[in-house]
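What follows is one structure encoded as structure tokens, with my remarks underneath.
Values below: all heavy atoms of this structure, side chains included; hydrogens, waters and symmetry mates excluded.
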Amino acid sequence: MTDSQRTGSTAALRKRHRAVLPAWLATYYREPIELTHGEGRHVWDAEGNRYLDFFGGILTTMTAHALPEVTEAVAAQAGRILHTSTLYLSSPMVELAERIAELSGIPDAKVFFTTSGTEANDAALLLATAYRRSNQVLALRNSYHGRSFSTVGITGNTSWSPTSLSPLQTLYVHGGVRDSGPYARFSDAEFIAACVEDLEDMLGQAEGTVAALIAEPIQGVGGFTHGPDGLLAAFKEVLDRHGILWISDEVQTGWGRTGDHFWGWQAHGQSGPPDVLTFAKGIANGMSMGGVVARAEVMDCLDANSISTFGGSPITCAAALANLRHLLAHDLQANARRTGALLRSALEAAELPVVREVRGRGLMIGVALRDAAAATATLEHARELGLLLGKGGRSGDTLRIAPPLSLTDAEAREGADLLIEALRRAGA
């Protein structure tokens, strides 16, 4: 196929996409691209262009594109049986649940598998509200927890919340954003104290029993923002006094991505682990999987029948087991810490006027720019240079950097150089 034929084919696909898919289904770039294959930390589009991937399918290609261990495990399982459902026993599902329960840090843990992070958070809300007999939920401002009817109702980022209707009564508290708002100029200790006071005040206004606080240790769609370490531990001390559950949304922070910890909650673990933990994204390295971990008392509280048709399917569990073994055997958490530090130091040293702040940790880095237009322009320039990035923040002014955790030092330097050039062009 010639270059002109490829370009024409992509243009035709864009037209077909617009004709049959929702207008609200967002795509990146003025002229959206189709990614056809990948290897390691690189992907190629339908026109043959090669990119260094710094977004990994929204943090979902966790280890590497076309990781041999995962593709071989998927092929082997596909040759045996693709699907059975939770109505039957499954060795891959039980083995994966055992591994995740042990890694979670939650005592007496049980695991329920879903097909996405949205569904995982939805299930966590079901457990918490049933266990506490309450539909009141605490959430952080600027949060994002999914696109289902219930998770939209606890999403504090209004640009991702298309309806005000909800089965839940949601109470929003401070703590997710450090660099703006009424507490921005406080020291970390003062910030934590003010957020705890805000939480106490909110609970004083709540009518009846509150079921849970759900919080991302680092807000993903919100632009990789987070409060000081120890904030959620201080919250937990208040929650424990009231019997309120803590749900840690680890859909984007889990599996060592932050570098410093295996789970995001561990930066706030002075008061112990959360009652409930949700995960998804990278666990199966691109296969559709999410899940909930909770102590048995909470997990077993439902008094009605339930199954999952696709949650914990043999093929996704096979992929997740192979991916998890690879991640642990190669200590990709430590690699995320090292390569993430290389990226951050390069971006900070560049001292570009268009950049307001570089934040995050490990290979979960947010670059806040002067406005949304600069972020959109940088995204376009980066693609032209051969680098794929993400974008987030309440006003869309933050670049999201989250490559596969196997990123090499050389690729970190290359990506930093490409991003700095894209930022320069956007700021010109």
Side-chain angles (χ1 to χ4, degrees), residues 59 103-106 138-145 156 173-200 212-240 244-279 333-341 343-345 347-348 357-368 392-393 398 400-402 405:
L59 292 82
L103 289 165
S104 73
I106 297 174
L138 294 159
L140 298 187
R141 300 180 184 190
N142 196 51
S143 58
Y144 175 84
H145 297 288
V173 296
H174 287 286
V177 180
R178 184 69 182 88
D179 67 334
S180 64
Y183 309 148
R185 296 184 180 181
F186 289 2
S187 68
D188 283 353
E190 291 169 337
F191 184 94
I192 291 173
C195 289
V196 168
E197 184 178 359
D198 176 60
L199 173 61
E200 296 267 25
L213 165 75
I214 185 167
E216 305 157 273
I218 299 177
Q219 295 184 329
V221 170
F224 292 171
T225 64
H226 61 92
D229 289 356
L231 172 65
L232 298 180
F235 278 0
K236 188 174 187 296
E237 292 180 4
V238 177
L239 301 177
D240 285 348
I244 299 169
L245 301 179
W246 169 24
I247 303 170
S248 186
D249 179 345
E250 301 277 354
V251 168
Q252 298 196 33
T253 49
W255 318 110
R257 177 163 290 281
T258 68
D260 294 332
H261 303 96
F262 195 75
W263 303 105
W265 73 259
Q266 290 169 318
H268 307 268
Q270 299 91 326
S271 296
D275 301 288
V276 182
L277 176 155
T278 61
F279 63 86
Q333 178 182 327
N335 190 66
R337 182 168 58 249
R338 185 185 66 258
T339 53
L343 278 168
R344 278 199 66 161
S345 62
L347 292 168
E348 289 167 346
E357 182 189 19
V358 180
R359 58 186 177 232
R361 59 199 341 158
L363 286 177
M364 193 172 183
I365 300 171
V367 183
T398 302
R400 299 167 68 198
I401 301 169
L405 302 187

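- Taking CG from L138 and CD1 from I214, the interatomic distance works out to 11.0 Å, rounded to the nearest 0.5 Å.
- Across A368 and R359, no two heavy atoms sit closer than the pair CB-NH1, 3.7 Å.
- Considering every non-hydrogen atom in both L347 and V367, the closest pair reads CD1-CG2, 4.0 Å.
- Here the two rings, on W263 and F279, have centers that are 6.0 Å apart or farther.
- Checked by atom type and distance alone, the side chain of S143 pairs as donor or acceptor with a backbone atom of G156 at under 3.5 Å.
- Looking at H226, its side chain never comes within 3.5 Å of a backbone N or O of P217 through a donor-acceptor pair.
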message = Run R178 and D188 through side-chain contact (heavy atoms from CB on, under 4.5 Å) and show every step you take.
response = CA-CA 9 Å; R178 184 69 182 88; D188 283 353; 3.1 Å; yes
ask   = Can I365 and R344 be said to form a side-chain contact (heavy atoms from CB on, under 4.5 Å), step by step?
value = CA-CA 8 Å; I365 300 171; R344 278 199 66 161; 3.6 Å; yes
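- In this structure, N335 contributes its side chain and L405 its backbone to a donor-acceptor pair below 3.5 Å.
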task = Kindly determine whether V358 and L343 satisfy side-chain contact (heavy atoms from CB on, under 4.5 Å), including the steps that lead there.
result = CA-CA 10 Å; V358 180; L343 278 168; over 6 Å; no
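- D275 contributes a side-chain N or O that, together with a main-chain N or O of W246, makes up a donor-acceptor pair within less than 3.5 Å.
- Residues L231 and H268 come closest through the heavy atom pair N-ND1, 3.2 Å.
- Q270 CD to L232 CG: the interatomic distance, rounded to the nearest 0.5 Å, is 9.5 Å.
- The distance from atom CD1 of I401 to atom CG of L59, rounded to the nearest 0.5 Å, is 11.5 Å.
- Within a 6.0 Å sphere centred on CD of E197, heavy atoms belonging to other residues, nucleotides or ligands number 12 at most.
- The minimum heavy-atom distance between A215 and L140, with the atom names listed, is CB-CD1, 3.9 Å.
- Counting only distance, with no hydrogens or angles, the side chain of R400 and the backbone of G220 share a donor-acceptor pair below 3.5 Å.
- Of the possible donor and acceptor atoms, none in the side chain of R257 sits under 3.5 Å from a partner among the backbone N and O of M364.
- Rounded to the nearest 0.5 angstrom, R361 CZ and D229 CG are separated by 4.5 Å.
- Remark: the backbone N or O of T258 is not paired with any side-chain donor or acceptor of R337 at under 3.5 angstrom.
- Listed here is the closest heavy atom pair of G105 and P273: O-CG, 3.3 Å.
- Of the possible polar contacts, one joining the E216 side chain to the Y144 backbone as a donor-acceptor pair under 3.5 Å is found.
- The pair R141-D198 does not meet the salt-bridge criterion, since no charged nitrogen lies less than 4.0 angstrom from a carboxylate oxygen.
- For the atom pair OG1 of T398 and CD of E357, the computed distance is 8.5 Å after rounding to the nearest 0.5 Å.
- Between the side chains of T253 and E250, at least one donor N or O sits under 3.5 Å from an acceptor N or O.
- Rounding to the nearest 0.5 Å places OG1 of T278 at 7.5 Å from CD1 of I247.
- Side chain of Q219 to backbone of F224: no donor-acceptor contact under 3.5 angstrom is found.
- Heavy-atom minimum distance, K236 versus G272: CD-O, 4.0 Å.
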